[in-house]
Amino acid sequence: QVQLVESGGGVVQSGGSLRLSCVASTQILKTMGWYRQAPEKQRELVAHETWGGVTKYADSVKGRFFISRDNGRNTVTLEMNDLKPEDTAVYYCTVARSIWGQGIQVTVSS
């Protein structure tokens, strides 16, 4: 069973930056990405990247968030810039939406 370990969340003021990292316990040949879930809202895609390096972003984060993966180190990173209060959520690392991390809280204060 693949394990995903997330790190890097926290509390930041509006306009600030955070970096989330996710390390997989084994090599991942599938798409890796990040989803988020705010209170009383459905889980939604933030960004993902295929094994071959093709990326996809939610419209709400385009130009502010950047995803990157290191296939040799089994990691995927989400750089989040110009954070807004509406980015507040629990962020989940995922492999092909079939394996999920435990989630990590990101809170953006206004």
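Just so you know, these numbers use all the heavy atoms, side chains as well, and skip hydrogens, waters and symmetry mates.
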Is the closest side-chain heavy-atom distance between [X] and [Y] below 4.5 Å?
X     : Y      : result
Asp87 : Arg64  : yes
Val90 : Ile104 : no
Phe65 : Asn81  : no

**Item:** Heavy-atom pair with the smallest gap, counting every atom of Ala47 and Leu78
**Value:**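 Minimum heavy-atom separation between Ala47 and Leu78: CB-CD1, 4.2 Å.
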Look only at the side chain of [X] and the backbone of [Y], and say whether a donor-acceptor pair between them is shorter than 3.5 Å.
X     : Y      : result
Glu6  : Gly103 : yes
Thr88 : Val108 : yes
Arg73 : Arg69  : no

**Request:** Evaluate the criterion side-chain contact (heavy atoms from CB on, under 4.5 Å) for residue pair Trp34 and Val76; output intermediate values, then yes/no.
**Result:** CA-CA 9 Å; Trp34 293 90; Val76 61; 3.9 Å; yes
**Item:** By side chain to side chain contact (heavy atoms under 4.5 Å, CB included) - contacts of Val2 (at least two apart)
**Value:**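 Partners of Val2 by the side chain to side chain contact (heavy atoms under 4.5 Å, CB included) criterion, ordered by chain and then number, come out as Leu4, Ala24, Ser25, Thr26, Ile28, Ile99.
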**Request:** List in chain and number order the residues that pass side chain to side chain contact (heavy atoms under 4.5 Å, CB included) with Ser7, two or more places apart in sequence or in another chain; answer none if no residue qualifies.
**Result:** Ser21
**Request:** Output the distance between atom CD (Gln102) and atom CD (Gln3), rounded to the nearest 0.5 Å.
**Result:**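 Gln102 atom CD to Gln3 atom CD measures 9.5 Å (nearest 0.5 Å).
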**Message:** Once rounded to the nearest 0.5 Å, what's the spacing between atom CD of Gln27 and atom CG of Asn71?
**Reply:**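 Going from CD on Gln27 over to CG on Asn71, the span is 7.5 Å.
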**Evaluation steps, side-chain contact (heavy atoms from CB on, under 4.5 Å), between Thr77 and Leu20** = CA-CA 6 Å; Thr77 299; Leu20 303 183; over 6 Å; no
**Message:** Listing request: all disulfide (SG to SG under 2.5 Å) pairs with a residue in residues 30-87, at least two apart in sequence or in separate chains.
**Reply:** none
Partners of [X] by side-chain hydrogen bond (donor to acceptor under 3.5 Å, both in side chains), sequence neighbours excluded?
X      : result
Asp70  : none
Ser14  : none
Glu44  : Arg36
Gln105 : Thr107

**Complete:** The complete set of salt bridge (Lys or Arg N to Asp or Glu O under 4.0 Å) pairs with one or both residues in residues 19-33, sequence neighbours excluded, reads Arg19-Glu79
**Request:** Under 4.5 Å between side-chain heavy atoms, chaining through other members, with only Ile, Leu, Val, Met, Phe, Trp and Tyr counted: pull out the rest of the cluster around Val5, sorted by chain and number.
**Result:** none
**Cluster overlap Leu45 with Met80, hydrophobic side-chain contacts below 4.5 Å** =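 The answer is no; the residues belong to distinct hydrophobic clusters.
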**Message:** When you group the ILVMFWY residues by side-chain heavy-atom contacts below 4.5 Å and let the links chain together, are Val95 and Val23 in the same group?
**Reply:** no
**Message:** Just to verify, what does Lys84 make a salt bridge (Lys or Arg N to Asp or Glu O under 4.0 Å) with, not counting sequence neighbours?
**Reply:** Asp82
**Message:** Does anything in residues 68-110 form a ring pair (Phe, Tyr, Trp, His ring centres under 6.0 Å)? List the pairs, not counting sequence neighbours.
**Reply:** Tyr35-Trp100
**Request:** Can you run down the side-chain hydrogen bond (donor to acceptor under 3.5 Å, both in side chains) pairs that involve residues 46-59, sequence neighbours left out, and say none if there aren't any?
**Result:** Asp59-Lys62
